[in-house]
Amino acid sequence: MKYQRPKGTADILPEEAVAWSYIEDIAKKTFAKYRFEEIRTPMFENFEVFSRSAGDTSDIVTKEMYDFEDKGGRHITLRPEGTAGVVRAFVENKLYGPEQIKPVKLYYMGPMFRYERPQSGRLREFHQIGVEAFGSESPNLDVEVIAMGMHLLNRLGIKHLKLVINTLGDQETRSAYRKALIDYLEPHFEELSEDSKERLHRNPLRVLDSKDKNDQKLVADAPSILDYLTPESKTHFETVKTLLSDLDVHYEVDASMVRGLDYYNHTIFEIMANDKSLGEGDVTVCAGGRYNGLVEELGGPQTPGIGFGLGVERLLLLMQAQKVALPVQNALDVYVVGIGDQTKAETLKLVETVRQAGFSADQDYLNRKPKAQFKTANRLNAKIVITIGNDELEKQVVNLKVMATGEEQQVKLEDVYQNFPALFGEFLKR
Ligand code: ATP
Ligand code: MG
């Protein structure tokens with residue numbers, strides 16, 4: 001039997017993991033500047049957490065969830081996205097309480113699961129880095145969250161970024177627009193895809209988001225939500241646009257953008273990037289919006305919120321396509337070459353000494369000939385090679401070579417053990 005990873009999953013090998021760590025590190029540093037703090041929530045939640053929040057007509061809930069009954073008969077779902085779990089945790093742990101500094105700003109990173117047709121940039125297990133901010137309706141916060149997403153992608157070196165925004169308005173906007181959309185679509189009912197027929201009366205906004213080509217043609221001439229905004233919704237949206245311009249963040253408005261999750265209202269946005277090698281069209285790497293009703297929906301007090309989710313795999317595809325250079329991987333500080341069986345105990349003591357002194361070190365474990373050991377030292381980019389053979393052992397010295405200059409010297413074993421950081425620390429920090 002040949003074992004293979006499940007369809008739609010990926011192994012992240014050490015070489016790629018370097019890029020993953022780099023992205024996570026830059027994300028953490030960027031979020032810290034905006035006072036976002038990390039939260040870690042479970043990889044699975046009760047089914048209702050997602051059906052209540054993402055909406056039971058969304059693709060995610062109707063088609064893409066990994067859900068099952070556990071041995072205790074509970075309906076469990078592997079998380080398809082991050083927001084619902086964070087909101088559930090926010091409510092359950094009463095992060096809305098008076099001792100919290102508002103807005104409460106949180107970020108997470110980790111795997112998400114969706115049963116989708118796997119293709120480039122679309123997996124069944126994929127990873128998101130996301131942020132959520134709770135407790136303020138200020139358009140400043142909308143703009144801050146968007147700017148932070150752009151800031152992060154810029155810092156990672158992504159080029160040709162495009163920010164697209166829209167508004168879904170408030171409750172009143174939504175119900176007026178809902179009616180207008182149904183009136184417009186009903187005469188075309190028979191032409192709609194099966195999904196859209198099903199959704200027309202339950203959630204007509206979903207039809208705007210349909211991936212069906214014919215549906216897309218039909219909705220091209222649909223009424224625009226921007227014509228149904230209440231004065232408050234309009235003011236909020238206009239303020240967001242003005243503030244973005246004030247920060248020199250360029251944007252486009254796409255009035256037909258609705259996003260795939262039902263919980264959004266007011267500002268929604270997508271950050272896309274374009275690279276020919278990824279095919280025609282734009283790739284959405286980061287997407288999010290406001291969700292002022294979601295905390296209440298999951299049993300908390302009325303609390304506005306806004307956030308985004310960023311797809312790490314898509315980000316990596318873009319970084320590769322745009323040939324973003326990653327900072328070089330750290331070289332190995334010291335490689336210890338041992339010649340002869342008698343040196344085994346000493347080489348182990350040497351590598352451990354170097355490691356305890358705060359540097360990286362490695363040695364041979366396979367009884368290889370000196371030539372092969374030196375070759376490994378080169379492949380590992382060792383900055384210093386320490387060699388010890390039977391003669392050196394007898395004299396209680398080692399041969400130490402600084403690879404950058406080719407300089408060699410004999411050093412007393414005792415000095416290595418007592419004084420390694422003082423003797424070579426400066427050199428290795430360079
Ligand atoms: P799409 O329209 O491409 O299916 P979506 O609207 O379902 O995207 P969101 O739920 O908003 O996406 O998730 C935010 C981001 O997570 C996306 O912009 C994308 O970068 C990433 N993402 C979503 N689904 C997947 C997936 N199956 N595989 C890899 N990345 C994904
Ligand atoms: Mg999707």
Side-chain angles (χ1 to χ4, degrees), residues 5-10 12 16 20 23 27 50 53-55 57-66 77-87 107-132 145-146 149-150 152-153 156 158 161-166 168 195 203 205-213 215-216 254 256-264 267-275 278-291 294 306-321:
R5 57 180 184 263
K7 192 171 173 190
T9 65
I12 301 161
E16 296 158 83
W20 284 75
I23 291 171
F50 301 110
S53 57
T57 57
S58 66
D59 271 353
I60 290 188
V61 172
T62 53
K63 298 178 186 159
E64 299 175 358
M65 295 222 291
Y66 274 93
T77 302
L78 302 189
R79 64 181 187 193
E81 57 100 40
T83 303
V86 172
V87 172
Y107 75 85
Y108 58 84
M109 28 187 84
M112 307 293 160
F113 307 87
R114 294 185 195 178
Y115 194 77
E116 300 204 65
R117 201 165 64 78
Q119 46 192 292
S120 165
R122 193 176 294 284
L123 290 101
R124 292 184 174 172
E125 182 190 31
F126 65 102
H127 296 75
Q128 279 187 347
I129 297 178
V131 307
E132 318 291 349
V145 166
I146 294 171
M150 296 292 281
L152 172 59
L153 292 166
L156 287 168
I158 305 292
L161 289 172
K162 184 167 97 180
L163 168 66
V164 181
I165 62 171
N166 191 24
L168 297 176
D195 272 347
N203 190 353
L205 265 74
R206 283 273 71 93
V207 180
L208 294 184
D209 202 30
S210 170
K211 304 254 191 316
D212 182 272
K213 283 274 178 303
D215 286 352
Q216 286 174 351
D254 176 356
S256 68
M257 182 168 82
V258 292
R259 309 279 316 114
L261 300 152
D262 281 355
Y263 50 61
Y264 289 120
T267 318
I268 54 172
F269 63 94
E270 294 194 10
I271 306 176
M272 308 170 182
N274 184 300
D275 196 281
L278 296 178
E280 87 286 9
D282 299 310
V283 181
T284 301
V285 268
C286 180
R290 247 193 196 282
Y291 45 80
L294 188 53
I306 178 164
F308 67 65
L310 182 151
V312 180
E313 282 82 357
R314 282 194 208 171
L315 175 59
L316 277 160
L317 280 176
L318 271 171
M319 288 172 77
Q320 276 153 18

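One-based numbering along the sequence shown. Indexing begins at 1, ligand by ligand and atom by atom, following the structure's order.
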Can you tell me which residue and heavy atom of the protein come closest to [atom], and the distance to 0.1 Å?
| atom | result |
| --- | --- |
| atom 6 (O) of ligand 1 | Arg259 NH1, 3.5 Å |
| atom 28 (N) of ligand 1 | Leu123 N, 2.9 Å |
| atom 21 (C) of ligand 1 | Gly311 CA, 3.7 Å |

*asked:* Could you go through Glu64 and Arg124, starting from their C-alpha distance and side-chain angles, then the distance that decides it, and tell me whether this counts as side chain to side chain contact (heavy atoms under 4.5 Å, CB included)?
replied: CA-CA 9 Å; Glu64 299 175 358; Arg124 292 184 174 172; over 6 Å; no
Where ligand 1 meets [X] - atom numbers and elements under 4.0 angstrom, heavy-atom basis:
| X | result |
| --- | --- |
| Thr284 | 18 (O), 19 (C), 20 (O) |
| Gly309 | 14 (C), 15 (C) |
| Glu116 | 24 (N), 25 (C), 26 (C), 27 (N) |
| Val285 | 18 (O), 20 (O) |
| Ala287 | 11 (O) |
| Gly121 | 28 (N), 29 (C), 30 (N) |

Keeping [X] on the side-chain end and [Y] on the backbone end, is there a donor-acceptor pair under 3.5 Å?
| X | Y | result |
| --- | --- | --- |
| Arg79 | Pro111 | yes |
| Arg314 | Gly121 | yes |
| Asp215 | Ser210 | no |

*May I ask whether Glu313 has any heavy atom positioned less than 4.0 angstrom from an atom of ligand 1?*
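Per 4.0 Å heavy-atom rule, Glu313 does not contact ligand 1.
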_salt bridge (Lys or Arg N to Asp or Glu O under 4.0 Å), that's the test. Do Lys63 and Asp195 meet it? Break it down for me._
CA-CA 11 Å; Lys63 298 178 186 159; Asp195 272 347; 2.4 Å; yes
Shortest reach to [atom] by a heavy atom, considering only [options]:
| atom | options | result |
| --- | --- | --- |
| atom 12 (O) of ligand 1 | Glu81, Arg114, Gln119, Gln128 | Arg114 |
| atom 25 (C) of ligand 1 | Phe113, Phe308, Phe126, Tyr115 | Phe126 |
| atom 3 (O) of ligand 1 | Lys211, Glu270, Arg122 | Arg122 |

*asked:* Could you walk me through whether Glu132 and Val87 satisfy the side chain to side chain contact (heavy atoms under 4.5 Å, CB included) test, starting with their C-alpha distance in whole Å, then the side-chain angles of each, then the deciding distance to 0.1 Å, before giving a yes or no?
replied: CA-CA 9 Å; Glu132 318 291 349; Val87 172; 5.9 Å; no
*asked:* Check the orientation of Tyr291 and Tyr264. Use parallel for under 30°, tilted for 30 to 60°, and perpendicular for over 60°.
replied: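 Answer is tilted, since the angle falls between 30° and 60°.
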_Flag: protein heavy atom within less than 4.0 Å of atom 8 (O) of ligand 1_ =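 Under the 4.0 Å cut-off, atom 8 (O) of ligand 1 has no protein heavy-atom neighbours at all.
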*Minimum heavy-atom distance Leu161-Ala273, with the two atoms named*: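 For Leu161 versus Ala273, the nearest heavy atoms are CD2-CB, 4.1 Å.
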*asked:* Quick check on Tyr115: does its OH atom have over 12 non-hydrogen neighbours (other residues, nucleotides or ligands) under 6.0 Å away?
replied: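 No, not enclosed.
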